[in-house]
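Everything numeric here is computed off the predicted structure, so don't read it as measured data.
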Amino acid sequence: MTSYRTFASSLLLASSLGTLAAPVVAAPQDCGPSGMRGAWEYRGERMAQHHQQLHDALKLTPEQEGAWKKLIDSQHPMARMQPGKADDWAKLTTPERADRMLERMKEQQSRMTEHVLALKDFYAVLTPERKKTFDGFHSGAQSGKRGRQGPRSMDRAAPTP
């Protein structure tokens with residue numbers, strides 16, 4: 001009888017926790033009419049929001065706009081697998097896949113090198129106050145992919161100079 005009560009209590013607790021956790025797992029409300037949206041599209045929208053918020057906070061001069069455009073143009077999202085390429089990928093041997101992955105990593109490193117150069121050029125044209133604002137948008141664990149305990153850096157107000 002005691003084991004039945006323990007089992008029933010455990011089952012009740014587990015189902016209650018599942019019910020409470022369901023809203024956390026549910027898709028965000030802004031996911032469109034179907035309730036689901038691709039992560040790439042969502043990431044692209046968030047990046048565009050971040051760029052707009054940063055641009056607004058920096059209050060760039062016309063002379064700084066050219067460097068800003070170069071910086072934004074240098075940000076290429078990670079390339080994703082093209083439809084139909086999965087079949088080609090499955091036909092490769094393991095060493096061939098490793099070579100392809102190495103090629104992709106080299107391409108990504110090249111794009112990142114271009115981005116860092118554009119970033120340095122842009123940063124060089126900023127005033128000290130604008131550098132503080134720019135740094136404020138990109139500091140701390142919350143600006144990266146890890147450490148998302150609190151609001152992300154783009155959701156915070158930019159530091160005032």
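- The structure places CG of L92 at 10.0 Å from CE of M101, a figure rounded to the nearest 0.5 Å.
- The shortest distance between side-chain heavy atoms of D135 and Y123 falls below 4.5 Å.
- Of the possible polar contacts, none joining the S110 side chain to the K106 backbone as a donor-acceptor pair under 3.5 Å is found.
- Rounded to the nearest 0.5 angstrom, R130 CZ and L54 CG are separated by 12.0 Å.
- In terms of heavy atoms, L60 sits closest to L126 at CD2-CD2, 3.9 Å.
- To the nearest 0.5 Å, the span separating CD on Q108 from OG1 on T113 amounts to 11.5 Å.
- Evaluation of the side-chain contact (heavy atoms from CB on, under 4.5 Å) rule for T93 yields P95, E96 as partners, not counting sequence neighbours.
- Enclosure of atom NZ in K70 is not indicated, since only 12 or fewer non-hydrogen atoms of other residues, nucleotides or ligands lie within 6.0 angstrom.
- A distance of 14.5 Å separates CG of D121 from CH2 of W68, quoted to the nearest 0.5 Å.
- Residues Q64 and K59 form no side-chain contact, since every pair of their non-hydrogen atoms from C-beta on lies 4.5 Å or further apart.
- When all heavy atoms of F137 and Q53 are compared, the pair lying nearest together is CZ-O, 3.9 Å.
- The CD atom of Q109 sits 10.0 Å away from atom CG of L102, with the distance rounded to the nearest 0.5 Å.
- When side chains are defined from C-beta on, F122 does not count as touching I72, because their heavy atoms never get closer than 4.5 Å.
- Here E65 contributes atom CD and E63 contributes atom CD; the two are 9.5 Å apart, rounded to the nearest 0.5 Å.
- Dense packing is recorded around CZ of R97, with more than 12 heavy atoms of other residues, nucleotides or ligands lying under 6.0 Å away.
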